[in-house]
Amino acid sequence: MNDSNSEDLLELYGRVPSVKSPHDLDQKILSEAKRLAPERSGNFSRGWIPATAAVCVIGLAGLLSRPVFLNQEPPLSVESAALIGERVSDSEAIAQYSRQLRVSEVAISNNAAEKTTLTSIAIEREPGAISSATVERQRFEQDPSSSASLRPSASLIAPRSQRLLNETALDQDDDVEIIAYEEPSVAFAPNPVAATVSEPLSGAAQAPLADENLSESEVIQALEEIEKLLREENFEAARFQLNVLKLRCFDCDIPASVEQRLQTNPDNAGPLN
Amino acid sequence: MQKLLRTLRNDESLMLAYQKGDSVAFEVLYMRHKDSLFKFLYNSCQQHQLVEDLAQDIWLSIIRGVANYKPLATFKTYLYRIARNKLIDHWRQNKENKYAHSEFNEQTYLHNTDYFSAAERKMQVGEVLDAIMQLPGEQREAFLLRAEGFSQQEISEITDSKPETVKSRVRYANRQLHSMVEVSS
């Protein structure tokens, strides 16, 4: 039998009327197919898995790079550079630093004694300052009026970490208002009583500053500032500046005339430090 | 639109899509093969109710076994292999032995008087089916599968036979049917 005859037979078969599947049977099978269809897992695999993977990769990258961030020092400002003992050579920066030495201060609106207590407690957290702070607190408890209610606080001249510690302690008290000022003002100039800063306390305050060396130009500038204040008869501010200068620079030669003028002025309330 | 896009896909990818839960893919697959399968079943046994039951049984077997489906062969081969097995199961259960033609002998077949008496009838197109039904089961099966477009190799896969055997069956079926046509004409 050749292929042409075979094709004829297939053609003949193809002409047999087609028998179609009944519609009811189709519906029945298709509904069953939908009912028994496997759980569709495409949404998760197509959508969530890539998203989750991306988040994981980003998170991992963040974790890997984090130590780098942790090791990075914050950019130094003039203030922070000075506070951590870095030398500032730029003249403008020196001027700014000098202004800041005159300082932004914490104002106590309601209760000065409270501030002193808080400051003492804050200082007490500093290693090596425990004994002096305790002495200071005891002195305050014995005679609140004579102690350092408005003395130049240790927080003012302490390094940045100490200042932050003090401010944190102050922030915890609702009655204490913290106000920072760019320029000094008489209203916030230290009380002459501040000069009675006890030896232990001043030692505690000086300890972190021991390695700070003021440049000659800084000393000269500070003395000029003191002179200027004396000319303006602002003895309180001048005394404050002088005390700060002494705290920051042990070896500096303070002109005797300056000290004499401060000693002889009528507002003098106590010995110079 | 989704259904239209799926009509462009081949049977195997549709089946794999249904394996992942895409019931629309199965619908496209079903619509593509339902009539040819139904025709094959009908021409194999010519009992409408039985064909419906068999068709339902076959498709449900595919649906339930979709998790284990692997595209080792074409889906059509897979479908008709299941169909053939269902037919054989049915005939075994009902003690019909329409497929038991292993004793088939060409000479016996060609000189069967009953066959020639039937073949002498005037052949109409619609009557071809009667002739086909008179073919021995294995030849009828091979002829119908060939008519459905399966290659010799595919038929051998569906029927678990050697390709040479399939070739012989198809040849004998064609010869008999051709004789019937010649007689009628």
Side-chain angles (χ1 to χ4, degrees), chain A residues 1-70, chain B residues 17-27 29-31 33-43 46 48-49 51-53 55-60 62-64 66-67 123-129 131-132 143-144 146-149 170-182:
Chain A
M1 187 175 215
N2 57 30
D3 288 344
S4 62
N5 288 333
S6 176
E7 293 296 324
D8 291 341
L9 283 173
L10 292 176
E11 185 185 348
L12 192 63
Y13 175 77
R15 289 164 64 185
V16 172
S18 179
V19 184
K20 292 194 175 182
S21 172
H23 184 69
D24 293 344
L25 179 65
D26 296 345
Q27 293 301 316
K28 192 174 180 180
I29 291 171
L30 290 176
S31 64
E32 199 71 9
K34 283 182 183 174
R35 191 177 68 81
L36 296 175
E39 286 293 322
R40 197 180 179 94
S41 58
N43 285 340
F44 185 77
S45 60
R46 284 197 295 266
W48 287 101
I49 286 179
T52 307
V55 169
C56 288
V57 168
I58 292 169
L60 189 61
L63 283 174
L64 290 174
S65 60
R66 183 173 175 170
V68 177
F69 290 129
L70 287 176
Chain B
Y18 179 59
Q19 199 174 48
K20 293 176 182 174
D22 185 359
S23 57
V24 179
F26 180 82
E27 189 178 342
L29 194 63
Y30 176 78
M31 299 306 284
H33 293 289
K34 69 181 183 78
D35 287 335
S36 61
L37 178 70
F38 201 85
K39 183 180 176 183
F40 169 76
L41 293 172
Y42 188 79
N43 292 339
Q46 294 205 340
H48 202 277
Q49 188 56 49
V51 169
E52 280 193 27
D53 293 343
Q56 181 177 336
D57 201 13
I58 291 163
W59 284 111
L60 287 179
I62 289 173
I63 290 167
R64 287 171 183 146
V66 68
M123 292 291 289
Q124 301 295 324
V125 172
E127 291 175 335
V128 172
L129 287 176
I132 292 171
F143 176 81
L144 290 174
R146 186 75 185 88
E148 288 296 331
V170 172
R171 191 174 70 245
Y172 285 138
N174 283 335
R175 184 179 293 177
Q176 182 178 352
L177 290 173
H178 184 66
S179 300
M180 292 166 69
V181 172
E182 281 183 342

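First the proteins, then the strands, lettered A, B, ... as listed; each starts at 1. This one's a predicted model, so the numbers in the text were calculated from it and none came from an experiment.
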Point to revise | Interchain contact, Asp24(A) with chain B, by part (heavy-atom threshold 4.5 Å) | key: neither
Practice item. Identify the two heavy atoms, one from Tyr30(B) and one from Leu30(A), that lie closest to each other, and give their separation to 0.1 Å. Key: CD2-CD2, 3.9 Å
Review point. Is chain A contacted by the side chain of Tyr18(B), its backbone, both, or neither, given a heavy-atom distance below 4.5 Å?
Key: both
Check your understanding: Which heavy atom in Pro38(A) sits nearest to a heavy atom in Gln19(B), and how many Å separate them?
Key -> CG-O, 3.3 Å
Practice item. Mind checking side chain to side chain contact (heavy atoms under 4.5 Å, CB included) for Leu60(B) and listing every partner two or more places apart, or none if nothing turns up? Key: Glu32(A), Gln56(B), Ile63(B), Arg64(B)
Review point. Taking all non-hydrogen atoms of both residues, which atom of Gly21(B) and which atom of Ala37(A) are closest, and how far apart?
Key: O-CB, 4.4 Å
Exercise for review: Could I get the full list of side chain to side chain contact (heavy atoms under 4.5 Å, CB included) partners for Lys20(A), not counting sequence neighbours?
Suggested key: Ser18(A), Asp35(B)
**Study point:** chain A contact via Ala67(B) - side chain, backbone, both or neither, heavy atoms under 4.5 Å
**Key:** neither
Practice item. Flag the pair Trp59(B) / Leu25(A) as yes when at least one side-chain heavy-atom distance between them is below 4.5 Å, and no otherwise. Key: no
